[in-house]
2 protein chains.
Amino acid sequence: MKSNLVPTVDLSAQIAANIRDAIVSGALIVDERLPSEAELAQKFEVSRATVREALKRLAAQSLIRTQRGATGGAFVNRISFEAAQAQQITTSTLLLSMNDVSFETACEARYALERACAPLSAQRRKPSHIDVMRAEIARQGQQGLSDEAFCASDVAFHRALVDGACNPVLSYQLAGAVEAMQPLMNMITFSARSRDAIIALHVTITDAVQAQDAALIGSGLTALEAETQTLARRVFA
Amino acid sequence: MKSNLVPTVDLSAQIAANIRDAIVSGALIVDERLPSEAELAQKFEVSRATVREALKRLAAQSLIRTQRGATGGAFVNRISFEAAQAQQITTSTLLLSMNDVSFETACEARYALERACAPLSAQRRKPSHIDVMRAEIARQGQQGLSDEAFCASDVAFHRALVDGACNPVLSYQLAGAVEAMQPLMNMITFSARSRDAIIALHVTITDAVQAQDAALIGSGLTALEAETQTLARRVFA
DNA sequence: GAAAAACTAATGTCAGACATTTAAAGTTTT
DNA sequence: AAAACTTTAAATGTCTGACATTAGTTTTTC
């Protein structure tokens with residue numbers, strides 16, 4: 001009788017899960033070399049092709065990397081913040097676009113999270129963060145800037161604000177929320193007047209960051225959220 | 001001449017990237033069927049094995065699912081919040097454990113994000129959320145509860161608090177931050193006295209949620225963060 | 001002793017076969 | 001005509017064995 005609890009999942013998925021568990025549990029440590037594909041095939045009693053499919057699954061999650069050549073093989077990968085962020089952004093973006101998440105809900109979440117950074121950014125921001133913010137504000141005021149470029153600059157502005165908290169975990173977590181909004185934001189047409197309103201709030205926020213006034217950053221973000229929501233309501237109506 | 005900009009990346013990775021772009025850009029829509037493996041092999045002029053490795057990569061990211069049988073094939077997957085969360089938790093957990101992120105940094109990020117939920121949770125929490133929180137508090141007070149079970153209950157408590165905001169995007173984003181902390185938290189030994197202190201704060205927070213007092217939730221979380229940081233400092237010293 | 005060549009062990013790719021699953025079409029029975 | 005069974009076809013899942021490519025290591029040559 002075939003097990004009726006485990007509905008015969010693919011061998012390559014089983015093997016991938018097995019190795020993944022070993023990595024997550026710490027049984028395999030960073031930069032440790034896995035057995036060669038041939039050895040894994042022997043160990044799991046499957047063909048090399050099946051082992052390879054399993055390894056490709058793990059590679060897609062950045063859990064391992066592979067090297068060719070005599071001393072090559074599959075190695076446990078140290079997940080970098082960059083790689084993790086890139087994955088998270090892809091996932092978050094698709095999640096929003098595929099699940100009919102309303103602009104309102106996504107926007108609310110984004111600004112709630114961003115306000116969470118305000119006290120820390122106020123406390124720890126460095127001159128470089130303020131420089132980036134002011135540079136992006138300048139770009140946003142340029143004539144003939146496309147809506148998409150405006151959005152991209154908006155994202156850069158907000159990331160600088162978040163980075164001001166000087167907490168890489170916070171930056172990583174926020175990246176998904178901020179970047180994933182971009183496709184939704186790109187649906188909005190920004191009139192000259194609404195751009196001016198947004199830029200004015202950006203200036204307010206930047207000044208508040210420079211003055212290390214957390215409360216003022218917070219209220220600026222809240223005003224920005226309200227402005228964005230109003231704009232979106234107009235577009236989606 | 002071999003391209004000297006793209007250092008000959010694997011064919012299966014190239015094909016995966018190609019299909020991934022089609023999904024992310026919306027050229028392939030949810031539940032659409034991809035060509036069969038044989039057709040893809042023809043189209044990309046590679047063997048079926050290589051196509052399969054590419055498809056497994058996409059499957060590992062929950063971008064596609066496959067079905068066997070006559071009408072089977074690979075279908076664009078609608079990423080669910082659950083699947084996205086599970087992935088994010090795995091990634092976040094490894095990120096923290098592999099990159100020597102200090103407990104302090106992770107803890108700070110977590111509580112900053114959690115405080116971001118306080119105003120929304122105060123406003124929208126349902127009786128069911130409060131029920132969960134009180135149930136977890138009761139569990140945390142049980143005699144003979146292991147440290148790990150205490151931590152697990154702590155996570156459940158905090159997730160209920162976050163879910164109280166009734167914003168699925170927020171819940172999703174927070175899941176990574178809260179769950180990824182668990183291995184770090186598990187390194188802490190919770191004495192009876194420190195458990196009592198934590199439970200008392202949980203009660204304060206729950207009462208504040210019930211009373212819809214956002215400020216009080218926030219200060220409760222801040223106190224809890226301070227308590228946790230103190231405990232951790234003692235352990236890691 | 002340094003450069004060049006040969007060796008070696010690993011991953012990457014291919015071709016073809018067979019196994020298994022599943023839905024649909026066809027056939028028989030009632 | 002409806003129901004039950006059988007067959008078929010198309011797809012993924014797995015296996016085998018081969019060859020290509022890569023990159024250290026060792027050996028040879030000058």
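All values below come from the heavy atoms of this structure, side chains included, with hydrogens, waters and symmetry mates left out. From a predicted model like this one, the values you see are computed outputs, not experimental measurements. Proteins come first, then strands; the chains are lettered A, B, ... in the order of their sequence lines, and each starts at number 1.
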Check: Who pairs with B:Glu37 by salt bridge (charged side-chain N to carboxylate O under 4.0 Å, His left out), at least two apart in sequence or on another chain?
Finding: B:Arg48, B:Arg52
Could you work out, with ring pair (Phe, Tyr, Trp, His ring centres under 6.0 Å) as the rule, every residue matching [X], not counting sequence neighbours?
X	value
A:Phe157	A:His202
B:Phe44	none
A:Phe103	A:Phe236

Next item on the list: Give a yes or no answer on whether the side chain of B:Asn99 reaches the backbone of A:Ile79 with a donor-acceptor pair at less than 3.5 Å.
Entry: yes
Detail all sub-3.5 Å separations between protein N/O atoms and N/O atoms belonging to nucleotides 12-18 of chain C.
| residue | atom | partner | partner atom | Å |
| --- | --- | --- | --- | --- |
| C:dG12 | OP1 | A:Thr66 | OG1 | 3.1 |
| C:dG12 | OP1 | B:Asp10 | OD2 | 3.2 |
| C:dG12 | OP2 | A:Arg52 | NH1 | 2.8 |
| C:dG12 | OP2 | A:Arg52 | NH2 | 3.3 |
| C:dG12 | OP2 | A:Lys56 | NZ | 3.0 |
| C:dG12 | N7 | A:Arg48 | NH2 | 2.8 |
| C:dG12 | O6 | A:Arg48 | NH1 | 3.4 |
| C:dT13 | OP1 | B:Leu11 | N | 2.7 |
| C:dC14 | OP2 | B:Ser47 | N | 2.9 |
| C:dC14 | OP2 | B:Ser47 | OG | 3.3 |
| C:dC14 | OP2 | B:Thr50 | OG1 | 2.8 |

Donor-acceptor pairs under 3.5 angstrom involving side-chain atoms of residues 130-137 of chain B: please list them, not counting sequence neighbours.
| residue | atom | partner | partner atom | Å |
| --- | --- | --- | --- | --- |
| B:Arg134 | NH1 | B:Asp207 | OD1 | 3.3 |
| B:Arg134 | NH2 | B:Asp207 | OD1 | 2.9 |
| B:Arg134 | NH2 | B:Gln210 | OE1 | 2.6 |
| B:Glu136 | OE1 | B:Arg139 | NH1 | 3.3 |
| B:Glu136 | OE1 | B:Ser153 | OG | 2.8 |

Item checked: For A:Thr50, all residues meeting side chain to side chain donor-acceptor pair (under 3.5 Å), sequence neighbours excluded -> A:Ser47
Margin query: Please report the distance, rounded to the nearest Å, between CD in A:Glu39 and C1' in C:dA9.
Written below: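 So the CD-C1' distance, A:Glu39 to C:dA9, works out to 11 Å.
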Any protein N or O atoms within reach of nucleotides 6-10 of chain D? Criterion: under 3.5 Å, listing atom names and distances.
none

Margin query: Filter on salt bridge (Lys or Arg N to Asp or Glu O under 4.0 Å), then keep only pairs touching residues 11-34 of chain A, sequence neighbours left out; what's left?
Written below: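 Passing the test, one end in residues 11-34 of chain A: A:Asp31-A:Arg65.
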